[in-house]
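In what follows, a structure is listed as structure tokens, so that the remarks can point back to it.
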Amino acid sequence: MMAIQLRDYQHACLDAICSEWAKGNNRLLVQMATGGGKTSVFAALWAHPPVAKWLQSFPVGQRAMLVVAHREELIDQAADRLRLMNPKAAVTIEQGDRYASPYSDIVVASIQTLSAMKGRRLKRLLQRMRFRLVVIDEAHHASADSYRNMLVALRFLPPADASDSENDEAADYADIEQMAMALRGWETEAPKDQLLIGVTATPNRSDAIGLGCVFQSIAYSYGIKPMIDDGWLVPIVPWVIETKTSLDQVRTTHGEFNQKDLAEAVNRDDRNQLAVAAWREHALNQQTIAFTVDVAHAYAMATAFEAQGIAAQAVSGETPKEDRAAAFARFRDGRIQVLSNCMIVTEGVDLPMASCILNAKPTKSATLYTQMVGRGLRPYEGKPHCVVIDLVDVSRKHSLQAAPVLYGLPPGIKAQGDDLRKVEEGFEAFREQFQTFDLEQALAGGGKTLAQLHAEATSFDVWAVPDLGPLGTGLTLSWLKVGADIFRLQYPWADGTEVLKVEPDMLGHFGVSCTHRSHDGAVRQRTLGAQISSAREALALAETFVSIERRTVTRLTAKDAGWKAHPASEKQKALLMRRRIPFPPSLTKGRASELLDLANARRGR
């Protein structure tokens, strides 16, 4: 078999890992979109010169690599790729009735096997070998109890982080505070002669528990949007199909729809028939992967397609491994046109001929949604783009994921049949024209096209500035909310303007940055705080910075500063007119300042 040649960005990823590792961080996360070749990246780690040299510095038996995954397909796929890219390495598997050799260079294991019976199989391995390099595949699962218990045994996490649970899916909210406290004292004594790498397409968990309880930093990130823009993935053409099914009675469990409630709500003949009709209209004859809620829904969806003469088959976790493999083979050679699945194609299955994704499973999880759509984005001969059909149900109390979020657009934007790249361009033009328009509020009542938003923007209250809500209580400075959990404070400083910004990172923490722009265009930026547990704490840190380091601007930036009630200056009015921002005759200096700051924020300044 021909050796795999890494792409430029995969080489860059390996270099970024080593660079972050050199800073003293040894629990690193890599985010790379589905189709980006995450398996090839971690398979290349073992022989990557800096890593290989480091491993060779340890005695035989104390320099093994461990790769952990949570599904059999992922385990076999990883082992095959590791053998292909490291022909001199002894690669064995620890899973079920397969036992790894203690003389292996690389062990690929399932988390279920390692965590079962209070980690008995892992302890057996550790009696014979030492794992210096550990990789967690699909690392968005890594905050679950079973993974953390494993990492405690491997001494990447403190003993206080251990749990009696063997759950490999959901983290426990009650453990979060204890985990954070344990980590604070652990960093100074944690072993540094080992390296943990987590790889995932989506570092966000649907239950809102970030991965900061496991990983120290994100070493490398390459998401769907840049990969499409750079030509490594195909463009997305989305369609939203509105149903009459209500989700308002569906409960939420760990931040996601309760699957039993959801299945009862959406597995209806009329909704399934609507899905087939939408497919016939927008993706006729295209190889399609349909995502459903449960096993019964997967079979019902396949039956709905077959009833109209369309070759379809359902697969799920209950389908025997041989039958699943046969179904995938039939899909690859075109004998099956629609593969209806229940949570079996989200991870580790390579079906690049799929050019349509049918989302019949509503989700609140950006992680899951990205995984589902990602199954259709791999390039394939004769495949110009991927059609994404989202069935969107009536929901007044839930926020649903949809294709625009993959391009950083609000989920409520309706992109009916337009390439998302074109939609993004239109959205940026809209933002430039209506700089103070409150999109969050406009989309709260349901999805809208850009044309509908444009019509609404021409008549909205242009002087409305987003309220801070409960977070505003206790703050002394005039912060401006410029996005979901994103806050900004601007003031004149030295030879220009300085902006403090509080915003979340991909691990669920908050950071505080300080950016100074001088009048000659020079920009200097520094980080004041990182990995802060809440927006309130981050805002408090930023206010402390101002009170100590920027004391002269505290009166200027105070919420109750007297100057804010004065009439707007002619200079402020001229700048508002130049920016084409309408303002009332009674405009105050404070409100003019807010409008200009909000416009700057939305222009990325």
I'd like to know if the side chain of Asn86 reaches the main chain of Ala89, judged simply by a donor and an acceptor atom lying under 3.5 Å from each other, with no hydrogens or angles considered.
no
Between the side chain of Glu138 and the main-chain N/O of Ile136, is any donor-acceptor distance below 3.5 Å?
no
Exam field: side chain Asn359 to backbone Lys361, donor-acceptor pair closer than 3.5 Å:
no
Return the minimal non-hydrogen interatomic distance between Leu339 and Ala327, and the atom names on each side.
CD1-CB, 4.4 Å
Any side-chain heavy atom of Val214 sitting closer than 4.5 Å to one from Arg27?
no
Is it the case that atom CG in Asp269 sees more than 12 heavy atoms from other parts of the structure closer than 6.0 Å?
no
Salt bridge or not between Lys225 and Asp230? Use side-chain N to carboxylate O under 4.0 Å.
no
If you round to the nearest 0.5 Å, how far is CD1 of Ile336 from CD1 of Ile289?
11.5 Å
Please lay out, stage by stage, how Val135 and Val68 fare under the test side-chain contact (heavy atoms from CB on, under 4.5 Å).
CA-CA 6 Å; Val135 173; Val68 182; over 6 Å; no
With the side chain counted from C-beta on, respond yes when Glu94 and Leu114 share a heavy-atom pair under 4.5 Å apart, and no when they do not.
yes
Check: Gln273/Gln308 side-chain N/O donor and acceptor closer than 3.5 Å
yes
Which pair of non-hydrogen atoms, one from Tyr147 and one from Ala69, has the smallest distance, and what is that distance?
OH-C, 4.3 Å
Test: Lys23 and Glu20 ion pair at under 4.0 Å:
yes
Applying salt bridge (charged side-chain N to carboxylate O under 4.0 Å, His left out) to Lys260 and Glu264, what does each step give before you reach the verdict?
CA-CA 6 Å; Lys260 183 176 182 295; Glu264 291 176 356; 3.0 Å; yes
I want to check something: taking the side chain as every heavy atom from C-beta on, are Ile357 and Phe291 in contact at a cut-off of under 4.5 Å?
yes
When rounded to the nearest 0.5 angstrom, what is the spacing between CZ in Phe156 and CD in Gln194?
4.0 Å
Apply salt bridge (charged side-chain N to carboxylate O under 4.0 Å, His left out) to residues Arg421 and Asp229 and explain how you reach the verdict.
CA-CA 8 Å; Arg421 293 172 298 181; Asp229 292 343; 5.4 Å; no
Between CD1 on residue Ile197 and SG on residue Cys13, distance to nearest 0.5 Å
8.5 Å
May I ask you to check whether Arg81 and Ser40 show a side-chain donor-acceptor distance below 3.5 Å?
yes
Nearest atoms (heavy-atom pairs only) where Asn25 meets Ser217:
ND2-OG, 3.8 Å
Is it the case that the side chain of Lys53 and the backbone of His48 share a donor-acceptor pair, with hydrogens and angles ignored and the cut-off at 3.5 Å?
no
With side-chain contact (heavy atoms from CB on, under 4.5 Å) as the criterion, how do Val30 and Ile17 come out once you've worked through the C-alpha distance, each side chain's angles and the decisive distance to 0.1 Å?
CA-CA 8 Å; Val30 168; Ile17 289 171; 3.8 Å; yes
Using only atom types and a distance under 3.5 Å, with no angle test, would you say the side chain of Gln216 pairs donor to acceptor with the backbone of Asn26?
yes
Between Arg63 (side chain only) and Leu133 (backbone N and O only), is there a donor and an acceptor less than 3.5 Å apart?
no
Sub-4.5 Å side-chain heavy-atom contact between Ser115 and Met150
no
Flag this pair as yes if the NZ/CZ of Arg280 is under 6.0 angstrom from the six-membered ring centre of Phe305 and inside a 45 degree cone about the axis; otherwise no.
no
At what distance, to the nearest 0.5 angstrom, does CD1 of Ile75 lie from OG of Ser110?
4.5 Å
Test your reading of the model: is there a side-chain donor-acceptor pair from Ser340 to the backbone of Ala298, 3.5 Å cut-off?
yes
Keeping the roles fixed (side chain from Glu306, backbone from Ala311), state whether a donor-acceptor pair exists under 3.5 Å.
no
Check Arg332 with Asp350, please: is the shortest side-chain N to carboxylate O separation under 4.0 Å?
no
Can you confirm whether the side chains of Lys38 and Gln10 place a donor and an acceptor under 3.5 Å from each other?
no
So do the side chains of Thr319 and Ile344 get within less than 4.5 Å of each other, counting heavy atoms only?
no
Between Gln287 and Ser355, is a side-chain hydrogen bond (donor to acceptor under 3.5 Å, both in side chains) present by the stated rule, with each step listed?
CA-CA 6 Å; Gln287 294 286 97; Ser355 59; over 6 Å; no
Taking all non-hydrogen atoms of both residues, which atom of Pro238 and which atom of Leu420 are closest, and how far apart?
CG-CD2, 3.8 Å
Donor-acceptor contact present, side-chain Arg83 to main-chain Ala78, <3.5 Å:
no
Criterion side-chain hydrogen bond (donor to acceptor under 3.5 Å, both in side chains) on Asp390 and Tyr369, from CA distance to verdict
CA-CA 10 Å; Asp390 287 315; Tyr369 186 84; 2.7 Å; yes
Heavy-atom closest contact (Ala139 atom, Leu29 atom, distance):
CB-CD1, 3.9 Å
For the student: nearest non-hydrogen atoms of Cys342 and Val295, plus distance:
SG-N, 3.8 Å
Please tell me if the side chains of Leu196 and Phe215 come closer than 4.5 Å, counting only heavy atoms from C-beta onward.
yes
With side chains defined as the heavy atoms from C-beta onward, is the minimum distance between Pro362 and Leu391 less than 4.5 Å?
no
For a quick check under 3.5 Å, do Thr113 and Gln95 share a side-chain donor-acceptor pair by atom type?
no
Is the Trp279-Trp239 ring centre distance short of 6.0 angstrom?
no
Can you classify the ring geometry of Tyr9 versus Tyr222 as parallel (below 30°), tilted (30 to 60°) or perpendicular (above 60°)?
tilted
Test item: Asp105 and Val91 side chains (from C-beta on) under 4.5 Å apart, heavy atoms:
no
So does Asp8 have more than 12 non-hydrogen atoms from other groups sitting under 6.0 Å from CG?
no
Worked verdict on Met372 versus Val345 for side-chain contact (heavy atoms from CB on, under 4.5 Å)
CA-CA 8 Å; Met372 293 190 296; Val345 187; over 6 Å; no
Rounded at 0.5 Å granularity, tell me how far OG1 in Thr252 sits from CD in Glu256.
8.0 Å
For Leu154 and Val134: C-alpha separation, side-chain torsions, deciding distance, then whether side-chain contact (heavy atoms from CB on, under 4.5 Å) applies.
CA-CA 9 Å; Leu154 293 169; Val134 177; 4.1 Å; yes
Main-chain N/O of Val293 paired with His297 side-chain donor or acceptor, under 3.5 Å:
yes
Working to the nearest 0.5 Å, report the span between CG of Asp76 and NZ of Lys321.
4.5 Å
Does the salt bridge (charged side-chain N to carboxylate O under 4.0 Å, His left out) test come out yes or no for Asp393 and Lys244, once each step is laid out?
CA-CA 6 Å; Asp393 304 294; Lys244 295 181 180 180; over 6 Å; no
